[in-house]
Every structure is written in C-alpha cells, then in structure tokens.
Amino acid sequence: MCGITGILSPQLNRERLTQANDLLHHRGPDDAGIFVADGIGLAARRLSIIDLAHGHQPLSNEDGTIWIAYNGEVMNAPALRTQLEAAGHQFRTRTDTETIVHAYEAWGTDAFVRLRGMFAFALWDGRSQTLLLVRDRFGIKPLHYAKIGSELAFASEIRPLFHLLPTLSRRTNRQALTDLFSHGFVPTPQTMFADVYKLPAAHMLIVQNGSVTIRPYWTLTFPDHPNYRQISEADAIAEFMAHLRNAVSAWRMSDVPVGSLLSGGIDSSALATLLTQLSGQPIHTFNIAFSAASHDESAYAQAVAERIGSQHHTLHFGPEAFDLLPQIVAQLEEPQCSATSLPIYLLYQACREAGFKVILTGEGADELLGGYHWFDGDRRVRPFLTIPQPLRQLLTRLPLPGSAAGQRVLAHASRDPLARFALWHQVTPPALLQELSNRGGRGGRGEKEKTSALSVPSAVNSYHPLNQFLALEAQTRMVDFINFEVDRMSMANSVEARPPFLDHKLWEFCATLPPELKLNGAMNKVLLRLGMKELLPTAVTNRPKQGLATPHATWWRSPKLPAWAEECLQPASLRETGYFNGEVVQKLRELHRNSRTDHSRILTGILTTQLWHQEMKVIE
C-alpha cells in the first residue's frame with residue numbers, strides 16, 4: 001500500500017516532485033522514491049507489507065523501459081508470477097508491484113483485467129512514450145488527475161496536484177457541491193475542485209502523443225431478467241461460502257500481521273470468523289462502542305469475539321470526538337453530509353496503535369447482497385408505483401410504517417430506476433436546496449446548478465429491479481462515499497484496509513444468481529446469513545442491519561456547538577465563503593434544535609463545506 005504521484009511535463013522540477021511526494025507521507029511512511037526521465041516523473045511513498053526488505057518504488061522491468069508507481073495489493077500476484085516466470089520473465093523482488101510490470105510486458109493493457117485486488121497505479125512505457133493510469137474495479141484505491149496545457153499530473157490525493165501544477169485553479173466546483181447536497185456524495189469524475197478529476201473505477205487513462213483517452217477495462221454486468229443461473233438454494237450457499245472463503249484467503253496475503261474490524265454485524269463477523277479459521281490461530285479484532293445506546297453494537301461484537309477467541313480491542317466514541325471534524329475534513333479533502341468518518345478514523349487509529357498495518361473490513365457486502373434498508377424498501381414500494389401519483393401522495397399522509405425516505409419514494413417515484421435510486425438517497429429536497437444555496441454570493445454565478453444525473457450503463461434497464469439497484473450502488477455511492485472515506489481514514493493512520501467482499505470473482509458469481517437468493521421477503525443477504533448460521537451466534541445472523549452511524553443529530557441539538565463550529569456558521573463566515581444563505585442556515589438549526597425535523601445531514605454538509613473551504617485554501 002502506498003501513496004503515488006507524478007507528472008507528465010516538458011519541464012520537470014525534481015525538487016517539486018519530491019515535495020509533492022512528501023505530502024503523501026501518511027500513506028507510506030516506510031520508504032520513498034522518485035523516477036525522473038525526459039518528460040516524465042513518478043513518485044511513491046511505501047507502506048511495506050509484501051517483501052519488506054525490497055520493493056522500493058518506483059520500480060522497473062529488467063531493462064528499465066517500463067516503470068511503475070503503485071498503490072494497492074494484487075492478491076493473485078503469486079499465480080501470475082508463476083506464469084510469467086515460465087514465460088522467461090526474471091524477478092528481482094517478491095512484490096506484487098513487479099508482477100504488474102512484467103504482466104504488462106507480456107500482455108499489454110490486457111494484463112489489467114487479470115489483476116485481482118485493489119490498486120491504483122501509474123505505468124510509464126518508455127518504448128512508446130505512453131503514460132497509463134489504472135484504477136481497480138470498485139474504486140477501492142483512489143486516483144486523481146488534472147491537466148493544464150501539455151502537463152498532466154496525478155496523485156492518490158488532491159494536494160500534490162496543486163504542488164505539481166502551481167497554476168492549477170483552486171476554484172470550487174459548484175456542480176459538485178449541488179450534487180453533494182443532493183446525493184450525499186460527489187459523483188465520479190467530479191471532485192470539489194472545478195479542474196481536478198477522479199479516474200473512474202475499472203478504467204484506464206492513456207496519454208500518448210499529447211492525446212488523452214479514458215476507457216474501461218472491465219464492466220460489472222448482471223443477466224437480463226429472468227435469465228439467471230439455475231441452482232438450488234443449498235448449492236448456491238455452498239458455492240457462495242467457497243467463493244467467500246477463497247476471497248478471504250487471497251485478501252489476507254501479507255508479510256505482516258492481519259487483523260479484522262468487528263462491528264457485531266453479519267459482514268465483519270463473517271470475515272473475522274473465516275480469517276480465524278484460515279489463520280489457524282486467534283486474531284486481533286477491533287470495535288467501537290458508542291455512548292449513545294441507539295448506535296451501539298459492541299455487545300454483539302463481544303459475543304462474536306468470545307466465540308472465535310480473538311484478542312478484542314474496544315474503543316469508545318463520545319461527543320468529544322466531534323472536535324476531530326476539522327482534522328477529518330483536512331484528510332478527506334472534501335465535505336460530507338455525514339459524520340461516519342469520525343468513528344472510522346478512530347478505529348484505524350486504534351489498529352495502528354496496536355501495531356497493525358493490514359485490516360480486513362466488511363465494506364461491499366451490502367452492495368453485493370442487498371443489505372441496505374432501501375433495497376428492501378424499494379421491493380416493498382414498487383408494487384404501489386402503478387397507482388396514480390396523486391393517490392400515492394395521499395397514502396403517505398396515513399400513519400403507515402416506513403422510513404422518511406420510503407414515504408418520499410412512495411409519493412414521488414417513477415418506474416425509472418435511476419430516478420428512484422436518487423430519490424432514496426436524496427439529502428436535500430430540491431426546493432430547500434435552491435433556498436439554501438447562495439447563488440449570488442462570493443464565487444457564485446447567480447444561476448441554478450441542476451443535480452447531475454448519475455452515470456451508469458444503459459444495460460441496467462434490462463436488469464431485475466434489485467440488480468438495477470445493486471449495479472447503481474456499486475458504481476456510484478459505494479465508490480464515491482463508502483470506499484472513499486474508508487481509504488482516506490485508514491491511510492491517514494498508515495493502515496491498509498482490505499474489503500474481501502469486493503473481490504470481483506465473488507461479484508461475478510453472485511451476479512448470475514436469482515435475486516431472491518440475495519434479498520427476499522424473509523431476509524436480506526440471504527446467502528451470507530444462511531451460510532454463516534452454524535458459525536455465528538443466532539443473535540448475529542438473525543438481527544437486522546444496524547450500520548455504522550454517529551449520533552450527530554443529537555450533537556446538532558446542543559444549545560451551543562464548540563467554538564470552532566460556531567465560528568464556521570457565523571453569518572460573516574457564511575458570507576465570506578459564499579456557499580449558503582445564512583438566514584436559511586439559522587432557520588435549519590432552529591428547526592433541528594427544536595426536534596421538529598432532522599436536518600443533521602444538511603447541517604453537517606454545511607459545516608464540513610465551511611471547514612473544507614478553510615482547510616483546502618479555496619480561491620474563488
């Protein structure tokens with residue numbers, strides 16, 4: 001695991017490249033290196049996990065014609081190495097980094113689809129004077145880039161880009177801000193900066209002879225409904241568990257100890273259990289307990305830890321943790337309408353303090369098997385969509401069970417899966433967003449930015465409705481919110497977070513199965529719950545998903561927030577940044593404080609946007 005950066009430029013500044021690389025020290029504190037040739041500079045910070053004594057980066061092939069700066073882990077590197085050595089390639093290290101170089105030598109860009117794992121890398125082919133930037137299938141590892149004239153810079157995080165390209169604008173991307181307050185995340189390829197971009201997951205960027213091309217090397221697909229694999233439930237469970245066990249075995253590859261997060265939910269409990277079995281000895285597990293009982297799962301985590309015999313570490317989250325928010329936003333380089341990054345940061349801090357560089361984590365299971373409440377909520381709402389909308393709006397006035405999001409979808413949704421998906425995730429109603437946005441303020445252009453439509457393949461329309469949502473989730477929110485914050489919070493503590501549920505072989509298997517083996521009227525994550533029922537306490541396999549959340553709604557009802565937060569929300573501060581109407585912000589605070597409506601997500605987005613503006617030295 002590493003942090004990488006670099007630049008393609010007619011005039012390279014070696015010192016500037018070294019300084020940009022140092023900005024990524026937290027991502028790789030064990031080693032640093034740069035490679036500079038005519039027109040190209042690559043740099044890397046290394047977190048040593050495989051072949052600790054070797055693997056200095058950037059790294060090249062035998063004759064120095066191909067160079068790589070690499071972040072991630074390729075879990076099938078040993079198998080690929082065996083093939084490549086049989087073909088005559090000579091290796092100097094045991095690193096997966098070198099495996100990618102030789103794989104590219106052997107198979108060209110077709111090599112990338114052979115890689116299993118999580119990665120983002122820059123590869124320079126001196127023979128054809130070509131730069132390739134490549135990102136893993138599910139965007140587990142980040143890669144940003146910016147282009148000015150004939151110069152193109154890239155990095156794992158955003159700050160190095162401004163260092164490598166001093167004239168790069170720090171202007172706010174107002175469209176991204178609108179999308180954040182609409183969807184709850186900034187959708188790829190946008191960032192919060194107008195001229196900085198994210199490379200999409202499962203894509204490569206190719207720069208050759210001055211032209212830039214971006215294209216996919218892999219696509220997540222589901223069968224057209226109803227063309228699923230014919231398989232019994234028992235056989236599907238057996239195959240699923242075999243795939244999951246294989247994924248955990250592959251994703252634990254390491255020359256340093258591997259631990260596991262353990263929330264008490266089914267996902268992390270399954271990983272910790274399988275990791276214990278595969279390791280043949282007790283492992284270390286990590287959990288966070290909340291002082292707010294409504295958010296606390298620590299009793300379930302303790303029960304699983306006792307069952308598998310792990311050395312269990314529990315840390316505690318209290319209201320004082322919110323004082324970390326400025327530091328967290330600085331690490332994210334992006335505002336959020338959520339405070340989940342706080343406990344995630346504290347968890348990985350505890351992992352590092354306990355001496356762990358590698359941690360298994362359960363991200364991806366909900367997207368794989370329909371675990372989030374909106375998957376089941378959409379299953380329940382869909383039959384009502386044939387009713388005329390005016391009647392559905394009347395239904396929402398009745399005291400029916402369901403979430404506020406479910407009521408919103410029932411009242412306003414259509415059969416269009418993309419529009420319905422966006423409605424489930426809506427943070428701010430359009431009318432309120434227009435009222436909140438300070439269109440004519442500092443840096444504003446006075447016109448209304450419309451919410452961006454999420455970008456997904458048109459083939460989604462032929463999928464079963466559950467698979468439509470699984471595909472949408474996997475290619476939007478999971479990449480730009482879930483994987484994004486886990487990467488930033490783990491790497492802020494120099495820890496490699498590995499999500500075996502995002503093994504692409506597991507996804508390709510599950511995609512072929514009938515939807516009712518993932519979600520049905522009795523349960524969600526069917527295959528995982530039934531597959532683990534003999535290995536975990538019934539209280540864990542049968543309990544509904546709780547999910548990681550923070551009591552930020554309660555924090556926002558405090559009579560007075562900490563001084564740093566109140567300063568950000570002062571009318572003068574809001575006028576200075578120019579993003580929000582101060583009167584509307586005050587009104588939202590009062591409504592929330594009086595418990596009339598929960599505006600905590602919107603308020604958190606406002607506060608973190610103010611912090612982001614300060615921390616990133618935004619210039620309009």
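Since we're looking at a predicted model, the values are computed, not measured.
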Are the side chain of [X] and the backbone N or O of [Y] linked by a donor-acceptor pair below 3.5 Å?
{"X": "Asn71", "Y": "Ala120", "value": "no"}
{"X": "His144", "Y": "Ser156", "value": "yes"}
{"X": "Arg352", "Y": "Val495", "value": "no"}
{"X": "Ser279", "Y": "Thr276", "value": "no"}
{"X": "Tyr70", "Y": "Gly72", "value": "yes"}
{"X": "Arg159", "Y": "Leu23", "value": "no"}
{"X": "Asp31", "Y": "His56", "value": "no"}
{"X": "Arg137", "Y": "Asp503", "value": "no"}
{"X": "Asn524", "Y": "Leu519", "value": "no"}
{"X": "Asn493", "Y": "Tyr345", "value": "yes"}

Assign the ring pair [X] / [Y] to parallel, tilted or perpendicular, where the plane angle (0 to 90°) is split at 30° and 60°.
{"X": "Phe356", "Y": "His284", "result": "tilted"}
{"X": "Phe121", "Y": "Phe119", "result": "tilted"}
{"X": "His243", "Y": "Phe509", "result": "parallel"}
{"X": "His102", "Y": "Phe91", "result": "tilted"}

With rounding to the nearest 0.5 angstrom, report the [atom1] to [atom2] distance, [X] to [Y].
{"X": "Leu271", "Y": "Thr361", "atom1": "CG", "atom2": "OG1", "answer": "7.5 Å"}
{"X": "Thr285", "Y": "Ile308", "atom1": "OG1", "atom2": "CD1", "answer": "5.5 Å"}
{"X": "Leu80", "Y": "Thr99", "atom1": "CG", "atom2": "OG1", "answer": "6.5 Å"}
{"X": "Asp136", "Y": "Glu73", "atom1": "CG", "atom2": "CD", "answer": "12.0 Å"}
{"X": "Leu368", "Y": "Leu528", "atom1": "CG", "atom2": "CG", "answer": "8.5 Å"}
{"X": "Arg135", "Y": "Phe112", "atom1": "CZ", "atom2": "CZ", "answer": "15.5 Å"}

Looking only at heavy atoms, what is the nearest atom pair of [X] and [Y], with distance?
{"X": "Asp366", "Y": "Leu470", "value": "O-CD2, 4.4 Å"}
{"X": "Gly139", "Y": "Val479", "value": "CA-CG1, 4.1 Å"}
{"X": "Asp267", "Y": "Gly362", "value": "CB-O, 4.1 Å"}
{"X": "Arg488", "Y": "Gln331", "value": "NH1-O, 2.8 Å"}
{"X": "Ser249", "Y": "Leu278", "value": "N-CD1, 3.6 Å"}
{"X": "Ser269", "Y": "Thr273", "value": "O-OG1, 2.8 Å"}

Between Asp30 and Lys357, is the closest basic N to carboxylate O distance under 4.0 Å?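 Between Asp30 and Lys357 there is a salt bridge, with a charged N closer than 4.0 Å to a carboxylate O.
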Begin from the C-alpha positions of Glu496 and Lys141 and carry the test salt bridge (Lys or Arg N to Asp or Glu O under 4.0 Å) through to its verdict. CA-CA 10 Å; Glu496 177 172 290; Lys141 305 316 300 175; over 6 Å; no
Could you verify whether a donor N or O on one side chain and an acceptor N or O on the other, from [X] and [Y], lie under 3.5 Å apart?
{"X": "Arg45", "Y": "Gln57", "answer": "no"}
{"X": "Ser600", "Y": "Trp555", "answer": "no"}
{"X": "Arg379", "Y": "Asn520", "answer": "no"}
{"X": "Lys518", "Y": "Asn467", "answer": "yes"}
{"X": "Ser298", "Y": "Asn287", "answer": "no"}
{"X": "Ser494", "Y": "His26", "answer": "no"}
{"X": "Glu485", "Y": "Ser341", "answer": "yes"}
{"X": "Trp107", "Y": "Gln83", "answer": "no"}
{"X": "Thr219", "Y": "Thr221", "answer": "no"}
{"X": "Trp564", "Y": "Asp323", "answer": "yes"}
{"X": "Glu367", "Y": "Tyr372", "answer": "yes"}

Can a cation-pi geometry be assigned to [X] and [Y], taking NZ or CZ under 6.0 Å from the six-membered ring centre and within 45° of the ring axis?
{"X": "Arg498", "Y": "Trp251", "result": "no"}
{"X": "Arg114", "Y": "Tyr217", "result": "no"}
{"X": "Arg543", "Y": "Tyr300", "result": "yes"}

Would you call [X] and [Y] a side-chain contact if the rule is heavy atoms closer than 4.5 Å?
{"X": "Met489", "Y": "Leu332", "answer": "yes"}
{"X": "Trp374", "Y": "Glu473", "answer": "yes"}
{"X": "Gln475", "Y": "Leu220", "answer": "yes"}

Could you give me the CA-CA distance, side-chain angles and deciding distance for Arg27 and Asp487, then say whether salt bridge (Lys or Arg N to Asp or Glu O under 4.0 Å) is met? CA-CA 10 Å; Arg27 298 187 72 94; Asp487 171 80; 2.9 Å; yes
Using the rule side chain to side chain contact (heavy atoms under 4.5 Å, CB included), only one of Val101, Leu123, Leu42, Leu59 pairs with Trp67; which is it?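 Checked Val101, Leu123, Leu42, Leu59 against Trp67; only one passes side chain to side chain contact (heavy atoms under 4.5 Å, CB included): Leu42.
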With a 6.0 Å cut-off on the ring centroids, do Trp218 and His203 count as close?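 No, they do not, as the ring centres are separated by 6.0 Å or more.
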Given the side-chain rings of Phe138 and Phe501, with only the six-membered ring counted for Trp, is the space between their centroids under 6.0 Å?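 Not under 6.0 Å, so no.
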Please determine whether side-chain contact (heavy atoms from CB on, under 4.5 Å) holds for the pair Leu517 and Phe240, giving the CA-CA distance in whole Å, both sets of side-chain angles, and the decisive distance to 0.1 Å. CA-CA 10 Å; Leu517 290 176; Phe240 172 80; over 6 Å; no
Quick one, Thr608 with Gln336, criterion side chain to side chain donor-acceptor pair (under 3.5 Å). Give me CA distance, side-chain angles, the key distance, then yes/no. CA-CA 6 Å; Thr608 57; Gln336 284 192 316; over 6 Å; no
Please assess Glu333 against Trp612 for the test side chain to side chain donor-acceptor pair (under 3.5 Å), listing each intermediate value before the final yes or no. CA-CA 7 Å; Glu333 299 181 313; Trp612 168 81; over 6 Å; no
Test side-chain contact (heavy atoms from CB on, under 4.5 Å) applied to Met532 and Met241, step by step: CA-CA 8 Å; Met532 293 298 300; Met241 290 305 298; 3.4 Å; yes
Indicate every side-chain donor-acceptor pair of residues 253-263 with a distance under 3.5 Å to a residue at least two apart or in another chain.
| residue | atom | partner | partner atom | Å |
| --- | --- | --- | --- | --- |
| Ser254 | OG | Val256 | N | 2.9 |
| Ser254 | OG | Val256 | O | 2.7 |
| Asp255 | OD2 | Asp51 | N | 2.7 |
| Asp255 | OD2 | Arg94 | NH2 | 3.0 |
| Ser263 | OG | Gly265 | N | 3.0 |
| Ser263 | OG | Ser268 | OG | 3.1 |

